[in-house]
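Everything below concerns the one structure shown next.
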There are 4 protein chains.
Amino acid sequence: MPLAAEGAGKRERLVMAARRMIHEQGVEKTTLADIAAVAEVPVGNVYYYFKTKDALVAAVLDAYQNSYRGISAELDRQPTPQARLKALVRVLTERRELLTARGCPVGSLSSELDKRDDELRGQGAIVLSTLIDLAEEQFRALGRDDARELGVALIAAYEGVVLLASTLREAGLISTEVARLERWIDTLAG
Amino acid sequence: MPLAAEGAGKRERLVMAARRMIHEQGVEKTTLADIAAVAEVPVGNVYYYFKTKDALVAAVLDAYQNSYRGISAELDRQPTPQARLKALVRVLTERRELLTARGCPVGSLSSELDKRDDELRGQGAIVLSTLIDLAEEQFRALGRDDARELGVALIAAYEGVVLLASTLREAGLISTEVARLERWIDTLAG
Amino acid sequence: MPLAAEGAGKRERLVMAARRMIHEQGVEKTTLADIAAVAEVPVGNVYYYFKTKDALVAAVLDAYQNSYRGISAELDRQPTPQARLKALVRVLTERRELLTARGCPVGSLSSELDKRDDELRGQGAIVLSTLIDLAEEQFRALGRDDARELGVALIAAYEGVVLLASTLREAGLISTEVARLERWIDTLAG
Amino acid sequence: MPLAAEGAGKRERLVMAARRMIHEQGVEKTTLADIAAVAEVPVGNVYYYFKTKDALVAAVLDAYQNSYRGISAELDRQPTPQARLKALVRVLTERRELLTARGCPVGSLSSELDKRDDELRGQGAIVLSTLIDLAEEQFRALGRDDARELGVALIAAYEGVVLLASTLREAGLISTEVARLERWIDTLAG
DNA sequence: CATGAATGAGCTTTCATTCAT
DNA sequence: AATGAATGAAAGCTCATTCAT
């Protein structure tokens with residue numbers, strides 16, 4: 001019986017469960033009981049791993065950041081900056097059904113946290129910055145002086161269209177916008 | 001003491017208060033007591049005007065739609081489609097401090113409602129659709145076959161950059177993106 | 001415009017509406033708003049006719065008593081005491097569907113009022129006593145010394161079987177018991 | 001300090017408290033705060049044991065059914081069906097003061113539940129049926145073909161006279177009716 | 001007499017957090 | 001480390017009653 005491993009497993013399970021439930025229901029509507037149930041961890045035990053609900057939310061943000069670092073590694077296998085940008089944008093299309101159903105996990109979470117007045121306020125930044133940086137790098141590699149601006153524009157287009165698709169319940173909006181973005185990327189000097 | 005006006009005034013005050021508090025705190029974190037306090041109406045009295053909290057939220061959505069209809073009228077005073085699009089985009093810059101502080105009122109509200117499973121789910125659509133239609137019309141007036149696609153792209157860019165600006169707390173993101181969008185509009189055939 | 005008549009009409013309508021709603025939902029679950037709506041009287045206006053909700057309930061009890069006095073008059077058209085008792089019992093079978101659906105209006109109201117600690121406590125007595133007296137008279141006319149006891153027994157059997165029929169949702173219980181009671185009445189000396 | 005016993009004890013205490021308060025005040029007038037106070041349990045804690053107030057009411061019904069099963073066992077110690085019927089009827093006289101004060105706990109509860117439109121509607125049946133069955137068995141043991149009818153009649157007489165006694169505040173009605181029923185039982189073939 | 005509006009006390013229910021073991 | 005149970009503050013909502021006109 002790997003004790004420590006079991007503990008780590010529980011912690012991980014809790015973060016995954018929180019990630020899923022918060023994506024589906026939002027932070028406020030998701031109770032610790034919900035999360036504990038999904039993670040199959042007794043409610044009282046959650047507090048051994050996380051001092052407060054907020055700490056668990058913070059852990060979810062960390063988890064997202066790690067995910068995006070993983071994406072970064074994948075992108076590096078692409079030969080050109082354009083290919084990397086298009087690959088970045090294309091991961092969208094793959095998940096478009098989920099995104100249309102419940103919005104962007106990071107975007108909607110950030111949006112919710114932006115309304116708060118506590119330490120969590122604006123903590124979505126640690127994740128979204130990573131994404132923007134990722135795009136910015138590629139634009140810079142393309143020799144653009146406005147790389148940061150374009151990085152912001154790309155991620156903004158992503159977050160914006162997912163919000164629209166989710167609200168209008170039209171997954172097609174995502175496909176169309178992704179195609180548009182890919183064409184735009186192709187027009188960039190390289 | 002205007003009789004009817006007082007009643008109508010209260011209803012209006014409640015909607016305005018709800019609008020403000022929901023923008024600042026989100027639907028879930030905003031209590032009826034919060035709203036009632038801001039509107040200077042006794043809590044119990046809220047229910048004379050709105051059967052449930054949800055009904056009040058729905059009224060807020062209606063209020064936004066009416067606001068946007070007002071914008072539509074303003075835009076009509078612009079001479080060309082391009083001018084109208086740029087005017088649309090420019091209202092953003094004016095409010096950028098507020099948007100950076102608390103996000104787009106409609107966007108964040110829609111984002112929150114998208115997580116729900118009740119009648120309010122997706123009700124942000126009635127407002128966002130109005131906005132998209134507004135943009136689409138102008139693109140169509142410019143003779144674009146992809147008017148709808150461009151309308152979606154424009155509003156998505158707007159919602160997206162406000163989300164980023166709000167999360168990163170950088171009002172500058174909005175100014176930069178708006179400038180970029182204006183330049184883009186200028187490049188369109190007219 | 002018969003002013004007084006209109007007023008009387010409203011009062012009557014309120015009592016009828018209260019009677020119906022209280023039979024259907026019980027005193028506690030029936031709101032003044034419910035009653036006012038059925039009676040088509042503005043809520044605020046109810047208080048012109050009845051000082052409190054309890055006063056309206058008291059008026060309902062009075063109405064029931066008057067109804068039962070009406071029944072008394074009808075019974076007098078029967079030739080013999082037995083015929084009168086059987087007629088009394090037979091009015092049950094006629095309304096058995098309603099009774100099975102919502103219980104005896106007087107019985108269930110009395111039952112509810114018996115739980116109270118205010119002036120309404122036990123006020124069902126004014127109605128139920130009338131009923132018992134009605135039966136008792138007939139038994140006395142039959143020369144029974146135990147007329148009161150039999151009167152109580154008859155009304156108890158009535159109230160009891162309606163309660164059972166209503167709870168078990170078996171209208172048949174009423175028919176069967178009524179037949180049994182009629183046979184019993186026939187066996188009495190006369 | 002018995003661990004499991006303490007939890008079970010609380011649940012039981014809550015049911016007993018609910019039983020008592022509901023008998024005294026009715027379901028609608030009895031608040032969870034009332035029940036919690038009597039059971040000496042914090043209000044919030046009630047929801048650890050019962051998901052809703054209705055669930056607690058359902059538990060009270062179950063408790064009554066178990067009580068009546070206990071009575072059934074006691075009756076079995078009587079030698080003849082008549083003796084069992086009379087024993088059944090006699091438990092009434094013993095509690096007549098309480099019954100006169102607040103009505104039959106099961107009867108008045110059933111009466112109140114019959115007015116509802118939810119899952120609790122008619123749930124008094126599970127208890128009253130048990131009682132009827134108990135009587136029916138004895139009548140059948142006496143060789144009566146109309147055992148069911150007589151069982152219903154006996155329980156109806158019981159419920160009815162308790163209602164009358166409670167409303168008229170005459171405990172004597174119960175004694176008299178019980179005596180009458182005992183005499184009637186004696187006349188039955190056996 | 002009539003009435004829409006107002007009021008506030010009170011109810012059920014939820015939930016993050018804590019605690020005893 | 002683990003956990004069922006406990007806690008209490010706060011939420012949304014209802015409603016008899018009152019009031020201004």
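Letters A, B, ... are given to chains in the order of the sequence lines, protein chains preceding strands, and every chain is numbered from 1. Small disclaimer: the values here were computed from a predicted structure and weren't measured.
- As rounded to whole Å, 9 Å separates atom C1' of dG4(E) from atom OH of Tyr49(B).
- When all heavy atoms are compared, the tightest approach of Ser108(D) to Ser111(C) is CB-OG, 3.5 Å.
- Contacts of Glu24(C) classified as salt bridge (Lys or Arg N to Asp or Glu O under 4.0 Å), with partners at least two apart in sequence or in another chain: Arg20(C).
- Lys29(C) has its NZ atom 17 Å from the P atom of dC13(F), to the nearest Å.
- Atom-to-atom, CE of Met21(C) to P of dC15(F) comes out at 11 Å; the value is rounded to the nearest Å.
- Atom CZ of Phe50(D) is separated from atom C1' of dA6(F) by 16 Å (rounded to the nearest Å).
- Summarising the geometry, the separation between CD on Glu40(D) and C1' on dT7(F) is reported as 16 Å, rounded to the nearest angstrom.
- Checked against side chain to side chain contact (heavy atoms under 4.5 Å, CB included), Arg169(D) has the following partners two or more places apart in sequence or in another chain: Arg121(C).
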Read 5' to 3' with Watson-Crick or G-U pairs under 3.5 Å, [ ] for crossing pairs and | for partners on another strand, DNA chain E gives .||||||||||||||||||||
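- Across the protein-nucleic acid pair, Arg11(A) atom CZ and dA1(F) atom C1' stand 15 Å apart, rounded to whole Å.
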Check residues 55-65 of chain C and write down every donor-acceptor pair under 3.5 Å in which the side-chain atom is one partner and the other belongs to a residue at least two apart or another chain.
residue  : atom : partner   : partner atom : Å
Gln65(C) : NE2  : Ile126(C) : O            : 3.3
Gln65(C) : NE2  : Thr130(C) : OG1          : 3.3

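- Residue pairs meeting the salt bridge (Lys or Arg N to Asp or Glu O under 4.0 Å) criterion with at least one partner in residues 28-46 of chain A, sequence neighbours excluded, do not occur; the list is empty.
- Look at NZ on Lys51(C): it is 13 Å from P on dC19(F), rounded to the nearest Å.
- In this view, Ser110(D) and Leu163(C), Thr167(C), Val106(D), Leu128(D) satisfy the side chain to side chain contact (heavy atoms under 4.5 Å, CB included) rule, not counting sequence neighbours.
- Listed by chain and number, the residues in a side-chain hydrogen bond (donor to acceptor under 3.5 Å, both in side chains) with Ser67(D) are Arg19(D) (sequence neighbours excluded).
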Take nucleotides 7-12 of chain E nucleotide by nucleotide from the 5' end and write B, S or -, depending on whether a protein heavy atom sits under 4.0 Å from the base, only from the sugar-phosphate, or from neither.
BB--SS
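- Scanning for salt bridge (Lys or Arg N to Asp or Glu O under 4.0 Å) contacts around Arg116(B) gives Asp54(B), Asp118(B), with sequence neighbours left out.
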